[in-house]
Amino acid sequence: MLYNSTRDNNAVVESASAIAHGISVEGGLFVPQSIPSLTNEDFQNLKKLDYVGRAQYVFKNFLTDFTDDELKYCTEGAYKGSFDNDKPAPIKSLDDSLNILELWHGPTCAFKDLALQILPYLLTTSASKVSSGKKTVILVATSGDTGKAALEGFKDVKDTEIMVFYPNDGVSAMQQLQMNTQKGENVHVCAINGNFDDAQSGVKTIFTDNAIKEILAKNNMEFSSANSINWGRLAPQIIYYISAYCDLLDKGEDYLKDGFNVVVPTGNFGNILAAYYAKIMGVPINKLICASNSNNVLTDFISTGTYDRNRSFYTTISPSMDILISSNLERMLYELTGHNDKQVSLWQDSLKNEGKYTVTDEVFEKLKEHFYGGFCSEEKTSETIKETFKKYGYLIDTHTAVAVSVYNDYKANTADNRPVLIASTASPYKFANSVLEAIGETVPADEFDAVKLLSEKTNTVIPSPIADLENAKVRFNNVCDKEDMCKVVLDRLGINH
């Protein structure tokens, strides 16, 4: 399996190089030259395996330059002992057709754990193949969950430094506390005066600055990424959709005779792109339902074919989706254009310079074939949390609520009664204040009083990673302007500039 850049088909690398370097030199994202197919026999074999076994099975199709022993080392290191009951992605069925894929049973209580627990193993193994002896500098922009999950995954990993930038006042109090109390000698956290798109653009600018890369090279260092622009972050997300399908097969052949729908709350498009790849590989997904909050740039794109970030930016109670520049959409455009790197480059240039682009009619038709887009207001998000708890006795967070609300709208508009799999991306305890308010409770001033009250009122258990934060020491309280991100990076690395 070889990989191309979305902006240059002449850039051809193996998976180790794609993972170690994060993005291509011209700023494009690495994608497989072809998407492997899984047969019914494959799925029957996968069904018999645990999550570790399923991960190894799928990775063998994508990471063909990794040995079996290396894949075993990576998957067992990531998924054994790090997740509740060693089940990273269990399904909770609320009724006969409504299935919740719980992706928050890892060490940071968010779906990013399923990729960021394994990325350090994939990255260090890749680096040993392509850049032995160099220190890897991980840069991360986060809208909340990626930052903590990346910090936790890379803490004290040999020959790595990790730096996380997040929007000041743009994450929940619990997300901020998770990052700012992170242990590890090789970690650093800094807030920026700006939003997530500013942080993401800043990281991409640093990545593609040749002068900065030369400075790092002179110091025997090189950049890589833990954001989903890195194929090593995205590939593990494909696995939990394949695993979920294997689990749904236990409901009998008739249950999925017409396929099923998948709903993903997303801002950066990575999580739903992983579901798209699973569909192309053979998982019988009918419609990929893209759920947005008030920052509904993806909803409008799927509805019109025009991507336009020239709009108001909203800070919402579902902060991990507060994004107007969806990086992984570039990979989708590359697939839908038949790997037309020149066209993708033109659209990305237009997005950078004018803030928008419009796809061709052919690409728009393909987009509508696979995707449905919807969005949810703040008021509706809260209402959905309350209604879901009242109806099912099941507590959801502010991002999963967006997905449930959009799915309800989809079902009402289409009368599509196929079974549905909703990606639940975070524990409600990461957003305790908003969830408490949604179910009609008065929110205490102290964050941990709110967590305890939520547990008391809903008879649910506080996840230990959240409970343990109460007495954790704050290590980071840095804030910088977006223009100073590069300086922060070099200062942290101890490089004169």
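All residue numbers refer to positions in the sequence shown, counting from 1.
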> Would you call the rings of His339 and Tyr334 parallel, tilted or perpendicular, where under 30° means parallel and over 60° means perpendicular?
Replying inline: parallel
>> With a sphere of 6.0 Å drawn around CG of Asn496, does it hold more than 12 non-hydrogen atoms of other residues, nucleotides or ligands?
In response: no
I'd like a table of donor-acceptor pairs (distance under 3.5 Å, sequence neighbours excluded) in which one partner is a side-chain atom from residues 116-127, with atom names and distances.
| from | atom 1 | to | atom 2 | distance (Å) |
| --- | --- | --- | --- | --- |
| Gln117 | OE1 | Ser82 | OG | 3.4 |
| Tyr121 | OH | Gly77 | O | 3.2 |
| Thr124 | OG1 | Pro120 | O | 2.7 |
| Thr124 | OG1 | Tyr121 | O | 3.3 |
| Thr125 | OG1 | Tyr121 | O | 2.7 |
| Ser126 | OG | Leu122 | O | 2.7 |

> Which class fits the ring pair His399 and Phe431: parallel under 30°, tilted 30 to 60°, perpendicular over 60°?
Replying inline: tilted
> Is it true that Lys87 and Glu102 have a side-chain N and a carboxylate O under 4.0 angstrom from each other?
Replying inline: no
>> Under 6.0 Å from the ring centre and within 45 degrees of the ring axis: does the NZ or CZ of Lys148 meet both conditions for the six-membered ring of Tyr166?
In response: no
>> Side chains of Val264 and Ile289, heavy atoms from C-beta outward: is any pair under 4.5 Å?
In response: no
>> With a 6.0 Å cut-off (strictly less than), is the heavy-atom count around NZ of Lys213, excluding the residue itself, greater than 12?
In response: yes
>> Any side-chain to backbone donor/acceptor pair from Thr181 onto Ala472? Under 3.5 Å, distance only.
In response: no
> Backbone N or O of Ile239 within a donor-acceptor pair of the Ser243 side chain at under 3.5 Å?
Replying inline: no
> Taking Asp481 for the side chain and Glu483 for the main chain, is one N or O donor matched with an acceptor at less than 3.5 Å?
Replying inline: no
> Ignoring hydrogens and geometry, is there a side-chain-to-backbone donor-acceptor pair from Ser15 to Leu63 under 3.5 Å?
Replying inline: no
> Is it true that Lys487 and Asp491 make a salt bridge, defined as a side-chain N closer than 4.0 Å to a carboxylate O?
Replying inline: yes
> Under the 3.5 angstrom rule, does the side chain of Gln237 hit a backbone N or O of Gly270 as a donor-acceptor pair?
Replying inline: no
> So which heavy atom on Pro90 is nearest to which on His105, and how close?
Replying inline: CG-CD2, 3.6 Å
> Can you name the nearest heavy-atom pair linking Gly267 to Ser326, along with the distance?
Replying inline: O-OG, 2.7 Å
> Under 3.5 Å, side chain of Arg475 to main-chain N/O of Asn180, donor-acceptor pair present?
Replying inline: no
> Nearest heavy-atom pair of Phe207 and Ser225: which atoms, and what distance?
Replying inline: CZ-CB, 3.4 Å
> Between Met174 and Val451, is a side chain to side chain contact (heavy atoms under 4.5 Å, CB included) present by the stated rule, with each step listed?
Replying inline: CA-CA 10 Å; Met174 191 61 72; Val451 165; 3.6 Å; yes
>> Regarding Lys135 and Asp159, does a basic nitrogen lie under 4.0 Å from an acidic carboxylate oxygen?
In response: no
>> Counting C-beta onward and ignoring hydrogens, is there a side-chain heavy-atom pair between Asn4 and Asp341 closer than 4.5 Å?
In response: no
>> Strictly distance-based, threshold 3.5 Å: is any side-chain N or O of Ser424 a donor or acceptor partner for the main-chain N or O of Leu103?
In response: no
> Looking at Lys183 and Asp156, does any basic side-chain N land under 4.0 Å from a carboxylate oxygen?
Replying inline: no
> So do Arg54 and Tyr79 actually touch side chain to side chain, heavy atoms under 4.5 Å?
Replying inline: no
> Hey, what's the ring geometry for Tyr276 with Phe371, parallel, tilted or perpendicular (30° and 60° as the breaks)?
Replying inline: parallel
> So do Arg331 and Leu234 actually touch side chain to side chain, heavy atoms under 4.5 Å?
Replying inline: yes
> Sub-3.5 Å donor-acceptor pair from the side chain of Asn168 to the main-chain atoms of Ile192, do we have one?
Replying inline: no
>> Looking at every non-hydrogen atom in both residues, tell me the closest pair between Gly28 and Glu330 and how far apart they are.
In response: CA-OE2, 3.8 Å
> Roughly how far, to the nearest 0.5 Å, is CD1 of Ile238 from NZ of Lys279?
Replying inline: 15.0 Å
> Are Phe83 and Leu114 side-chain neighbours, meaning at least one heavy-atom pair lies under 4.5 Å?
Replying inline: yes
>> Distance alone, cut at 3.5 Å: any donor-acceptor contact between the side chains of Thr160 and Asn186?
In response: yes
> Among side-chain atoms of Asn268 and Asn328, is any donor-acceptor pair under 3.5 angstrom?
Replying inline: no
>> Apply side-chain hydrogen bond (donor to acceptor under 3.5 Å, both in side chains) to residues Asp322 and Asn293 and explain how you reach the verdict.
In response: CA-CA 8 Å; Asp322 291 347; Asn293 61 15; 2.9 Å; yes
> Going by atom types alone, do Glu76 and Tyr73 pair a side-chain donor with an acceptor below 3.5 Å?
Replying inline: no
> side-chain hydrogen bond (donor to acceptor under 3.5 Å, both in side chains) between Ser5 and Glu26: does it pass, once the steps are laid out?
Replying inline: CA-CA 9 Å; Ser5 165; Glu26 80 293 329; 2.3 Å; yes
> Hey, is the main chain of Glu14 close enough, under 3.5 Å, to the side chain of Asp65 for a donor-acceptor pair?
Replying inline: no
>> Whether Asp197 and Arg309 form a salt bridge (side-chain N of Lys/Arg under 4.0 Å from carboxylate O of Asp/Glu) is what I want to check.
In response: no
>> Go through it in stages, so that I can follow the logic: the residues are Gln175 and Ser143, the test is side-chain hydrogen bond (donor to acceptor under 3.5 Å, both in side chains), and I'd like the CA-CA distance, side-chain angles, deciding distance and then a yes or no.
In response: CA-CA 9 Å; Gln175 288 174 314; Ser143 54; over 6 Å; no
>> Side chains of Ser201 and Asp198: any donor to acceptor distance under 3.5 Å?
In response: no
> Between Glu161 and Arg492, is there a salt bridge with N-O shorter than 4.0 Å?
Replying inline: yes
> Between Arg311 and Asn296, do the side chains contain an N or O donor and an N or O acceptor separated by less than 3.5 Å?
Replying inline: yes
> Just checking, any donor-acceptor pair under 3.5 angstrom between side chains of Glu222 and Thr136?
Replying inline: no
> What closest approach, in Å, do Tyr51 and Pro236 show between heavy atoms, and which atom pair accounts for it?
Replying inline: OH-O, 4.3 Å
>> Taking the side chain as everything from C-beta on, heavy atoms only, tell me whether Tyr241 gets closer than 4.5 Å to Asn271.
In response: yes
>> Could you go through Glu447 and Lys452, starting from their C-alpha distance and side-chain angles, then the distance that decides it, and tell me whether this counts as salt bridge (charged side-chain N to carboxylate O under 4.0 Å, His left out)?
In response: CA-CA 9 Å; Glu447 183 77 16; Lys452 293 167 188 173; over 6 Å; no
>> I need the Leu329 CG to Thr266 OG1 distance, nearest 0.5 Å.
In response: 10.0 Å
> What is the ring orientation for His188 with Phe476, classed by angle as parallel under 30°, tilted 30 to 60°, or perpendicular over 60°?
Replying inline: perpendicular
>> Assess, by modelled atom type and distance only, whether the side chains of Glu437 and Ser382 contain a donor and an acceptor separated by less than 3.5 Å.
In response: no
> Any donor-acceptor pair under 3.5 Å linking the side chain of Asp484 with the backbone of Cys480?
Replying inline: no
> With respect to Tyr307, which candidate in Ile302, Val359, Val297, Thr358 satisfies the side chain to side chain contact (heavy atoms under 4.5 Å, CB included) definition?
Replying inline: Val297
> Between Tyr3 and Trp231, does the ring centre distance come in under 6.0 Å?
Replying inline: yes
> Closest heavy-atom contact between Leu436 and Pro444?
Replying inline: CD1-CD, 4.0 Å
> Can you check whether Asn295 reaches Ile323 side chain to side chain, under 4.5 Å on heavy atoms?
Replying inline: no
> At what distance, to the nearest 0.5 angstrom, does CD of Gln200 lie from CG of Leu139?
Replying inline: 12.5 Å
>> Any carboxylate oxygen within less than 4.0 angstrom of a Lys/Arg side-chain nitrogen, looking at Glu152 and Lys112?
In response: no
> Hey, does Tyr357 have a side-chain heavy atom less than 4.5 Å from the side chain of Leu333?
Replying inline: yes
